[in-house]
2 protein chains.
Amino acid sequence: MATRGRPRTFDPDTALRQALDLFWERGYEGTSLNDLAQATGIASASIYTCFGSKENLFRKVMALYGTTSGEPPRRALREQPTARAAIHAMLRATADEITRPDAPHYCMLILAAPTGAVENHAIREFLAGLRHDQLTTIKDRLARGVTDGDLTAPPAGLDALARYYTTVVQGLSVQARDGATRAELEEVITCAMAAWDTLAPAPSHIGG
Amino acid sequence: MATRGRPRTFDPDTALRQALDLFWERGYEGTSLNDLAQATGIASASIYTCFGSKENLFRKVMALYGTTSGEPPRRALREQPTARAAIHAMLRATADEITRPDAPHYCMLILAAPTGAVENHAIREFLAGLRHDQLTTIKDRLARGVTDGDLTAPPAGLDALARYYTTVVQGLSVQARDGATRAELEEVITCAMAAWDTLAPAPSHIGG
DNA sequence: CGGTTTATTTGTCGTTCGATAAACAAAGGA
DNA sequence: TCCTTTGTTTATCGAACGACAAATAAACCG
């Protein structure tokens, strides 16, 4: 039961990356199938045969985006030993990603389709769902800090703290989009982390 | 030299507000002239006679937006007695504006056209320029705090502090867009203000 | 009143949009 | 080899896009 029928003349993964580049630069509605056909060198009919529809292609592109550009911040959250270090490293990894010279200076998840035509409501909610996952991931990391003993549950609440740093992440993309440099983002991150010790003092090591 | 020619059958200011509502909800590219004609009850040809083009109409809409929804945060910056109170009140006024029940839950300046088709580059830069004005306004208010003596120039730099709070403002819009409540935004603001005393300690009153 | 000016109505321009239908081509299976 | 399966090519679909031309209508001026 090997491959049946005529084989593909292009690599879908390569096409997906090329589509990613376009959607990243121009957003969902700003990218046309004509643009995609030209950038990939594939006729639009073949794009439909392979990916189904523009919306479906975009969803697959976002999956690829999540496993590539989304990975460094997620890894920072995962691998840093304390909640504080994890948040700090995540912010810095985000700043790194959104100031790369070879890519648009913002997070695609945030700016590819925040508003748009009524007919594309489903796509916007799809992205909103992924953004909500960001918040959840950050919240989970803070909870792990409490479990690990490197963070005392702050009076403001873990949820508030998680939402605060999510807000900073999202604001950073607008800043980078508007031309802020990596150094300027670093300053913003420094300010954002200054809130930490007030909000979430390190646990006293009594008994530990 | 009174009115010459056939008088208008509609009020341009009313039409501008109706156009504002649409652009606010759907963004620049997501709003079509057909949508605008239907919402205003004006034929598209009359829209062109009165406003010139879609781009020109949008620029006038943004001017209206700035003097209406943009005013409360700006007033907060202007009228609060100290830099700290000004920033705090501005953040709260922003949260109020982006959670009004009768309007979209985000700042139009930030989300109406962050990305899009190549042909609309000028509109995006127009909005980016207005966002830069936000940053400048905040920076100026901090500088006034130094002049007024309620703020010592922070080691992080006034620019860094201004950019930090601009980042928070912009992040709040993404949060509200994604369904965050007014109360949740208030928690974020509390966290954001927690950084203040670490970053910008109040001046000692020696000699004052 | 006619003449000028400006706005509205009506219809449509050429382009682009996302999406397919139909015909053809290249592979494996029997 | 012929059939089935799948992908590609080519052409195009109907709708929507921003924008405008021409004809008509309503005001002021003289």
Side-chain angles (χ1 to χ4, degrees), chain A residues 1-16 18-19 22-23 25-61 112-113 115-124 126, chain B residues 1-16 18-19 22-23 25-61 112-113 115-124 126:
Chain A
M1 175 161 170
T3 66
R4 289 283 300 244
R6 178 173 176 172
R8 281 220 175 74
T9 61
F10 64 92
D11 175 18
D13 287 340
T14 302
L16 218 49
Q18 293 166 328
L22 265 190
F23 277 126
E25 178 196 343
R26 306 178 186 182
Y28 179 71
E29 293 185 356
T31 305
S32 74
L33 275 156
N34 218 345
D35 296 337
L36 292 164
Q38 191 163 348
T40 58
I42 309 167
S44 72
S46 287
I47 296 180
Y48 276 88
T49 304
C50 185
F51 299 107
S53 67
K54 183 187 178 184
E55 174 170 340
N56 209 274
L57 170 59
F58 183 76
R59 289 174 188 264
K60 284 172 180 156
V61 159
T115 63
V118 177
E119 65 211 70
N120 295 317
H121 174 77
I123 282 289
R124 287 191 293 280
F126 166 66
Chain B
M1 177 169 165
T3 66
R4 289 284 301 246
R6 178 174 177 172
R8 282 222 175 73
T9 60
F10 63 92
D11 176 18
D13 287 341
T14 302
L16 218 48
Q18 293 167 327
L22 265 188
F23 277 127
E25 178 195 344
R26 306 178 186 181
Y28 179 71
E29 293 184 356
T31 306
S32 74
L33 274 157
N34 217 347
D35 296 335
L36 292 164
Q38 192 163 347
T40 58
I42 309 169
S44 72
S46 287
I47 296 180
Y48 275 88
T49 304
C50 185
F51 299 107
S53 68
K54 183 187 178 183
E55 174 170 340
N56 209 274
L57 169 60
F58 182 76
R59 289 174 187 264
K60 284 171 181 157
V61 158
T115 63
V118 177
E119 65 212 73
N120 296 317
H121 174 78
I123 282 288
R124 288 191 293 280
F126 166 67

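Quick note on labels: first sequence line is chain A, next is B, and so on, each numbered from 1.
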Of the options [options], whose atoms approach the side-chain atoms of [X] most closely?
{"X": "Arg6(B)", "options": "dG18(C), dA26(C), dA25(D)", "result": "dA25(D)"}
{"X": "Thr9(A)", "options": "dT8(D), dT20(C), dC20(D)", "result": "dT8(D)"}
{"X": "Ser32(A)", "options": "dG18(C), dA27(D), dT20(C)", "result": "dG18(C)"}
{"X": "Ala45(B)", "options": "dA25(D), dG7(D), dT10(C)", "result": "dT10(C)"}
{"X": "Leu33(A)", "options": "dG18(D), dA19(C), dG7(D)", "result": "dA19(C)"}
{"X": "Asn34(B)", "options": "dT4(D), dC17(D), dG7(D)", "result": "dC17(D)"}
{"X": "Ala43(B)", "options": "dA27(D), dT10(C), dA26(C)", "result": "dT10(C)"}
{"X": "Thr3(A)", "options": "dA26(D), dG28(C), dA19(D)", "result": "dG28(C)"}
{"X": "Thr49(B)", "options": "dA7(C), dG18(C), dC28(D)", "result": "dA7(C)"}
{"X": "Arg4(A)", "options": "dT8(C), dT8(D), dG28(C)", "result": "dG28(C)"}

Cation-pi check, Lys54(A) onto Phe23(A) ring (under 6.0 Å, within 45° of axis): no
Measure the spacing between [atom1] of [X] and [atom2] of [Y] and express it to the nearest 0.5 Å.
{"X": "Thr40(B)", "Y": "Leu33(B)", "atom1": "OG1", "atom2": "CG", "result": "9.5 Å"}
{"X": "Leu36(B)", "Y": "Phe58(B)", "atom1": "CG", "atom2": "CZ", "result": "11.0 Å"}
{"X": "Glu25(B)", "Y": "Thr115(A)", "atom1": "CD", "atom2": "OG1", "result": "9.5 Å"}

So, for [X] and [Y], which heavy atoms are closest and what is the spacing to 0.1 Å?
{"X": "Ala39(A)", "Y": "Leu22(A)", "result": "CB-CD1, 3.6 Å"}
{"X": "Tyr48(B)", "Y": "Ser53(B)", "result": "CE2-CA, 3.7 Å"}
{"X": "Ala113(A)", "Y": "Ile123(A)", "result": "CB-CG2, 4.3 Å"}

Spacing of [X] atom [atom1] relative to [N] atom [atom2], expressed in whole Å:
{"X": "Phe51(B)", "N": "dA19(D)", "atom1": "CZ", "atom2": "P", "result": "14 Å"}
{"X": "Asp11(B)", "N": "dA7(C)", "atom1": "CG", "atom2": "C1'", "result": "15 Å"}
{"X": "Asp35(B)", "N": "dA16(D)", "atom1": "CG", "atom2": "C1'", "result": "10 Å"}
{"X": "Lys54(A)", "N": "dA15(D)", "atom1": "NZ", "atom2": "P", "result": "19 Å"}
{"X": "Ile123(A)", "N": "dG18(C)", "atom1": "CD1", "atom2": "P", "result": "12 Å"}
{"X": "Ile42(A)", "N": "dT10(D)", "atom1": "CD1", "atom2": "P", "result": "15 Å"}
{"X": "Asn120(B)", "N": "dC17(C)", "atom1": "CG", "atom2": "C1'", "result": "14 Å"}

Axis bend over the full length of the helix from dC1(C)-dG30(D) to dA30(C)-dT1(D), computed from five pairs that close each end, to 10 degrees: 10°
Residue whose nearest DNA chain D nucleotide is more 5′ - Glu29(B) or Ile47(A): Ile47(A)
Residue whose nearest DNA chain D nucleotide is more 5′ - Phe10(A) or Tyr48(B): Phe10(A)
Which residue lies more 5' along DNA chain C, comparing Glu119(B) with Pro7(B) via nearest heavy atoms: Pro7(B)
Side chain to side chain contact (heavy atoms under 4.5 Å, CB included) between Leu16(B) and Leu57(B), intermediate numbers included: CA-CA 8 Å; Leu16(B) 218 48; Leu57(B) 169 60; 3.6 Å; yes
